[in-house]
Amino acid sequence: MATMASSLLNTVSSSIRLSNSNSNRCRTLPMATPISLSRSRRRLTIRATETDANEVKAKAPEKAPAASGSGFNQILGIKGAKQETDMWKIRVQLTKPVTWPPLIWGVVCGAAASGNFHWTVEDVAKSIVCMMMSGPFLTGYTQTINDWYDRDIDAINEPYRPIPSGAISEQEVITQVWVLLLGGLGLAGILDVWAGHDFPIMFYLALGGSFISYIYSAPPLKLKQNGWLGNFALGASYISLPWWAGQALFGTLTPDIIVLTLLYSTAGLGIAIVNDFKSVEGDRKMGLQSLPVAFGEETAKWICVGAIDITQLSIAGYLLGAGKPYYALALLGLIAPQVFFQFKYFLKDPVKYDVKYQASAQPFLILGLLVTALATSH
């Protein structure tokens, strides 16, 4: 177990370490030539250079316009962020707290599906630790390492983000990756001991999830280069893994639940596609085959909503066939408003209305997850 964790950490460290300070070259993602670096004290400025797909030159500005940004958006790690100089706020921004709630909710669903969660101080404390592991630590690790490997694409799409703007140095990024990864794996080990597991399932779930996060972002595999594989891996990480963690903590993770949650992860694939539309320009220039690039934005919109809606309708059919008609009807009732907001926002303009769409529709999707979890627990 320790050997696997050590191997993963060594891989992460060796993959993201830059060349020494006497060199002005460093490695980039596949399809791109080396990027240029310039240093001033501990600040790092990154400039995207030529790519194999197109000869593109994009220079990341030192700062985004501070007056036009939002401090709230900065803390959440979303577009429209204020340019910040406080290092702790920058570190939080890199972890993208806006992405934590689905993982935290997944733990809730897994605990509910186990049928063994009780409103005692101990069970609540266990669930909070599991949420901390899944959200701030391991999702924070995922987002930080993803931003690192996306630094040249962000120099085109979002040059104001902390890494391409030079707001945080290479060593500070490396330190953050290690702290979050070790912290998440450590909490997983504590949960195994706390739950009295003979087999350290929480640790291996955390280790497996961390490995998927790494190969999603990093070469040579870089799953996100493939729109289907990358988005499904992302969907499974946000739906299946936290559910499995919550259920394994309080009960037994069974094969039927694994299959059901992986099916539900197809809806997560659709949600992941939503985020691809805002990066079309950079993805196309860097040769990444996201679905909006591969199929065109109009077709990708329908693939997105189809993956979300058909998956949930299939789950509702499964619940009906399993003799749980009330849960199936409840899930159908939660699908209807999602379809409404898809037509109102997403299908009109997936870039302009992406935040409104996700804020409006996703609460119904995650409530559907809980309905399904409660159905499987009875």
Side-chain angles (χ1 to χ4, degrees), residues 15-16 18 26-29 32 35-49 51 56-100 136 139-177 179-180 213-214 216-218 222 224 230 234 272 274-286 288 290 351 354-355 358:
S15 297
I16 68 175
L18 296 172
C26 73
R27 298 186 183 185
T28 63
L29 306 177
I35 59 175
S36 302
L37 301 176
S38 63
R39 292 194 184 202
S40 175
R41 295 182 184 177
R42 297 184 68 191
R43 295 288 185 244
L44 179 67
T45 303
I46 298 180
R47 183 173 70 253
T49 59
T51 72
V56 179
K57 292 185 179 180
K59 184 176 181 179
E62 294 277 334
K63 293 183 178 180
S68 63
S70 162
F72 183 69
N73 288 14
Q74 188 274 327
I75 286 295
L76 290 180
I78 58 178
K79 283 181 78 172
K82 174 185 177 183
Q83 185 72 19
E84 189 55 69
T85 57
D86 184 287
M87 186 50 62
W88 284 107
K89 289 184 178 180
I90 292 170
R91 288 190 181 281
V92 172
Q93 181 182 3
L94 273 180
T95 66
K96 294 185 182 176
V98 74
T99 63
W100 300 351
T139 305
Y141 153 79
T142 298
Q143 296 296 342
T144 302
I145 201 168
N146 184 66
D147 265 26
W148 174 256
Y149 283 110
D150 273 0
R151 60 195 183 273
D152 51 350
I153 297 177
D154 285 343
I156 299 170
N157 293 324
E158 300 177 273
Y160 47 81
R161 289 200 58 76
I163 294 175
S165 70
I168 186 168
S169 73
E170 60 173 279
Q171 190 55 52
E172 287 164 337
V173 174
I174 292 171
T175 299
Q176 178 156 320
V177 168
V179 168
L180 293 173
S213 297
Y214 177 75
Y216 171 80
S217 299
K222 198 173 178 65
K224 68 186 298 180
L234 194 61
V274 174
N275 295 316
D276 287 339
F277 287 91
K278 66 183 179 182
S279 303
V280 167
E281 180 187 356
D283 289 348
R284 185 176 288 119
K285 289 176 179 177
M286 301 306 298
L288 299 183
S290 67
V351 177
D354 67 331
V355 175
Q358 294 192 70

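Just the heavy atoms: all of them, side chains too, but no hydrogens, waters or symmetry mates, feed the values below.
Residues M87 and E172 approach most closely at CE-OE1, 3.6 Å, considering heavy atoms. Counting all heavy atoms, side chain and backbone alike, Y141 lies closest to L180 at N-CD1, 3.5 Å. In this structure, S217 and Y149 approach most closely via the heavy-atom pair O-CB, 3.4 Å. Residues Q358 and V274 approach most closely at NE2-CG1, 3.5 Å, considering heavy atoms. T142 and S213 make their closest contact through OG1-OG, 2.8 Å (heavy atoms, listed as atom of the first residue, atom of the second, distance).
With rounding to the nearest 0.5 Å, the separation of CG in D150 from CG in L288 is 7.5 Å. Summarising the geometry, atom NZ belonging to K222 is positioned 10.5 Å from atom OH belonging to Y214; distances are rounded to the nearest 0.5 Å. Atom CZ of R151 is separated from atom CZ of R161 by 14.0 Å, given to the nearest 0.5 angstrom.
A donor-acceptor pair is defined here as one N or O able to donate and one able to accept, closer than 3.5 Å; such a pair exists between the side chain of Q176 and the backbone of R91.
Between P164 and the options D152, D154, D147, I153, a side-chain contact (heavy atoms from CB on, under 4.5 Å) holds for only D154.
Among residues two or more places apart in sequence or in another chain, the side-chain hydrogen bond (donor to acceptor under 3.5 Å, both in side chains) test is passed with D276 by N231.
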Exercise. Should N146 and K224 be marked as a side chain to side chain contact (heavy atoms under 4.5 Å, CB included) after you check the CA-CA gap, both sets of side-chain angles, and the distance that decides it?
Worked result: CA-CA 10 Å; N146 184 66; K224 68 186 298 180; 2.9 Å; yes
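Looking at heavy atoms from C-beta onward, Q143 lies out of side-chain contact with L94 at the 4.5 angstrom threshold. Between T139 and T95 there is no side-chain heavy-atom pair separated by less than 4.5 Å.
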